[in-house]
Amino acid sequence: MAPSAIVEYPPAAHDAGQVLEDLSDAIDDVNCIKYDSETKFDTAKDKTQFRQYEEACDRVKNFYKEQHEKQTVAYNLAARNRFNSASRPRPEMTVWQAIEKLNTLVDESDPDTTLSQIEHLLQSAEAIRRDGKPRWMQLTGLIHDLGKLMLFFPELETQGQWDVVGDTFPVGCAFDKRIILPDTFAANPDTKDPVYSTKFGIYAPGCGLDNIMLSWGHDEYLYHVVKDQSTLPDEALAMIRYHSFYPWHREGAYRELMCKKDHDMLKAVQAFNPYDLYSKSDDVPSVEVLKPYYLDLIDEFFPQKVIKW
Ligand SMILES: O[C@H]1[C@H](O)[C@@H](O)[C@H](O)[C@@H](O)[C@H]1O
Ligand SMILES: [Fe+2]
Ligand SMILES: [Fe+2]
């Protein structure tokens with residue numbers, strides 16, 4: 001360390017904000033959650049080449065056109081009711097069985113990978129592990145897209161991929177221009193609704209993201225499954241629930257709906273995002289080699305092993 005970096009005590013300047021920031025950095029260090037460290041990827045692709053939706057292929061563009069037309073408040077309420085219905089038979093399987101089951105799915109919304117989901121999940125988890133992040137975060141990387149299993153559960157009556165994958169955004173208030181391909185909302189009936197088409201719609205400023213209906217899909221579904229059946233911390237739950245909410249965590253939209261807690265959650269989600277996105281160009285991992293390590297990790301945070309999906 002260069003001599004100029006030696007900190008004098010007592011500090012010359014009494015900047016309370018700075019002191020607090022230093023303290024919070026120190027606490028993050030202790031918790032091993034240093035969010036701003038350099039993240040390394042064996043990336044063949046540079047970061048500006050990801051998420052290029054205007055230039056994406058028809059598979060992706062058609063996906064978003066359909067999703068943006070069909071994600072309405074009415075649909076959202078119906079999907080949540082189906083999920084919460086006490087009479088819904090809940091499929092049961094371990095987390096690893098769920099990962100293997102998802103293996104056949106290729107995500108139609110994704111311009112950056114055509115790998116199977118098991119490979120995407122292992123790439124994310126391995127990138128987090130490589131950077132020395134805590135075990136709960138590695139596990140979050142491993143499971144974050146398991147909500148896509150919805151597609152295989154007929155009781156949830158998913159309508160195709162449009163109500164399972166892709167970016168998310170709130171329904172019940174105006175669709176922000178910072179959502180990808182924003183013009184494709186024109187045919188969504190909620191854009192003609194006198195309340196849902198206004199800036200805050202059915203929400204109040206500062207009401208908190210917990211009180212917002214995000215478009216229905218794999219994030220929200222998995223969040224509810226994991227919240228009740230794992231010992232993962234709040235940051236992990238936020239990473240799962242909001243990882244597809246790019247207009248918020250990347251573009252800065254909908255910030256006026258946040259409450260105090262959401263600011264901490266935003267930092268966590270932003271810390272998670274590069275591992276989800278940029279690991280897509282990493283080497284394809286070997287499932288068999290990695291399996292024993294991740295089986296242990298799953299056991300650590302899912303005490304009852306067999307999960308109700
Ligand atoms: O295409 C992707 C994919 O479906 C991801 O799982 C989701 O989290 C992203 O936000 C989305 O853009
Ligand atoms: Fe996802
Ligand atoms: Fe992902």
Side-chain angles (χ1 to χ4, degrees), residues 39 41 45 47 49-68 71 95 98-99 102-128 137-152 158-170 176 178-182 184 214-226 236-251 253-254 266 268-282 284-285:
T39 304
F41 295 99
K45 212 164 146 180
K47 289 184 182 176
Q49 292 173 292
F50 290 83
R51 293 180 57 83
Q52 294 304 308
Y53 290 98
E54 296 296 338
E55 292 88 58
C57 60
D58 287 349
R59 161 182 72 101
V60 173
K61 283 194 163 155
N62 294 338
F63 167 88
Y64 274 107
K65 184 172 182 314
E66 185 177 21
Q67 186 196 56
H68 289 173
Q71 287 277 4
V95 170
I99 293 173
L102 201 58
N103 202 21
T104 50
L105 176 73
V106 173
D107 184 328
E108 286 171 6
S109 70
D110 199 331
D112 299 312
T113 189
T114 49
L115 291 182
S116 76
Q117 294 292 306
I118 193 168
E119 285 156 344
H120 168 57
L121 291 174
L122 283 168
Q123 282 174 327
S124 306
E126 281 291 283
I128 295 169
M137 190 169 167
Q138 298 172 27
L139 180 61
T140 306
L142 183 74
I143 65 172
H144 75 279
D145 274 337
L146 278 186
K148 294 178 188 174
L149 269 184
M150 295 162 86
L151 276 168
F152 299 94
T158 53
Q159 311 288 304
Q161 291 205 10
W162 67 266
D163 57 346
V164 176
V165 302
D167 281 8
T168 57
F169 45 84
D176 193 280
R178 286 164 281 186
I179 301 169
I180 52 171
L181 303 173
T184 55
L214 279 179
S215 50
W216 182 249
H218 68 292
D219 301 34
E220 188 71 4
Y221 165 73
L222 186 70
Y223 163 75
H224 286 288
V225 169
V226 169
L237 298 177
M239 289 169 184
I240 291 171
R241 190 178 204 175
Y242 302 122
H243 76 270
S244 307
F245 193 8
Y246 277 82
W248 171 66
H249 67 67
R250 172 175 286 216
E251 306 301 334
Y254 301 108
L266 175 59
V269 176
Q270 288 175 332
F272 176 76
N273 177 253
Y275 299 105
D276 182 11
L277 184 56
Y278 303 126
S279 68
K280 288 175 184 171
S281 62
D282 286 1
V284 179

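Counting convention: from 1, in listed order, for ligands and their atoms alike.
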query: Distance-only, no hydrogens or angles: does the Gln71 side chain make a donor-acceptor pair with backbone N or O of Trp216 under 3.5 Å?
result: yes
message: Side chains of Lys148 and Gln117: any donor to acceptor distance under 3.5 Å?
response: yes
- request: May I have the angle between His218 NE2 and His243 NE2 with its vertex at the Fe ion (ligand 2), rounded to 10°?
  value: 90°
message: Checking the N or O distance criterion of under 3.5 Å, is ligand 1 in contact with Lys148?
response: yes
task: Please report the C-alpha distance between Trp162 and Phe63 in whole Å, then the side-chain angles of each, then the deciding distance to 0.1 Å, and finally whether the ring pair (Phe, Tyr, Trp, His ring centres under 6.0 Å) criterion is met.
output: CA-CA 6 Å; Trp162 67 266; Phe63 167 88; 8.9 Å; no
task: Answer yes or no: does an N/O atom from Gly166 fall short of 3.5 Å to an N/O atom of ligand 1?
output: yes
- prompt: Hey, is ligand 1 close enough to Ser244 that some N/O pair sits below 3.5 Å?
  reply: yes
query: Backbone, side chain, both or neither: what part of Asp145 comes under 4.0 angstrom of ligand 1, heavy atoms only?
result: side chain
- prompt: the Fe ion (ligand 3) is nearest to which N, O or S atom of Asp145?
  reply: OD2
task: Give the name of the N/O/S atom in His120 that lies closest to the Fe ion (ligand 3).
output: NE2
message: Please report whether the ring centroid of His224 lies less than 6.0 Å from that of Tyr221.
response: no
- prompt: Does Tyr242 approach ligand 1 within less than 4.0 angstrom via side chain, backbone, both or neither, non-hydrogen atoms only?
  reply: neither
message: Tell me if the NZ atom of Lys61 is crowded by more than 12 foreign heavy atoms within 6.0 Å.
response: yes
- prompt: Would you say His144 has an N, O or S atom lying under 2.8 Å from the Fe ion (ligand 2)?
  reply: no
query: Minimum heavy-atom separation for Gly166 to His218, with atom names?
result: O-CE1, 4.2 Å
- prompt: With backbone taken as N, CA, C and O and side chain as the heavy atoms from C-beta onward, which portion of Asp107 lies under 4.0 Å from ligand 1: side chain, backbone, both, or neither?
  reply: side chain
- prompt: Can you check whether Lys280 has an N/O within less than 3.5 Å of an N/O in ligand 1?
  reply: no
field: Protein heavy-atom partner closest to atom 1 (O) of ligand 1 - residue, atom, separation in Å
entry: Ser109 OG, 2.6 Å
field: Element-labelled atoms of ligand 1 that are located less than 4.0 Å from some non-hydrogen atom of His243
entry: 8 (O)
query: Numbering the atoms of ligand 1 from 1, which are under 4.0 Å from a heavy atom of Tyr246?
result: 10 (O)
Which N, O or S atom of Asp276 lies nearest to the Fe ion (ligand 3), by name: OD1
- request: Considering non-hydrogen atoms only, spot the tightest contact between Leu181 and Thr184 and give its length.
  value: O-OG1, 2.6 Å
message: Out of all atoms in ligand 1, which are within 4.0 Å of some heavy atom of Arg51? Include the element for each.
response: 12 (O)
message: With a 6.0 Å cut-off on the ring centroids, do Phe50 and Tyr278 count as close?
response: yes
query: Between the side chains of Asp167 and Ser244, is a donor N or O closer than 3.5 angstrom to an acceptor N or O?
result: no
field: Side-chain donor-acceptor contact under 3.5 Å, Asp145 with His120
entry: yes
query: So, does His218 sit close enough to ligand 1 that a heavy atom of it is under 4.0 Å from the ligand?
result: yes
- prompt: Backbone, side chain, both or neither: what part of Tyr53 comes under 4.0 angstrom of ligand 1, heavy atoms only?
  reply: side chain
field: Atoms of ligand 1 close to Tyr64 [distance to a heavy atom under 4.0 angstrom, numbered from 1]
entry: 12 (O)
query: Tell me, which protein residue and heavy-atom name are nearest atom 12 (O) of ligand 1, and how many Å apart are they?
result: Asp167 OD1, 2.7 Å
- prompt: His144 and Phe272: aromatic ring centres closer than 6.0 Å?
  reply: yes
query: Centres of the His68 and Tyr64 rings: under 6.0 Å?
result: yes
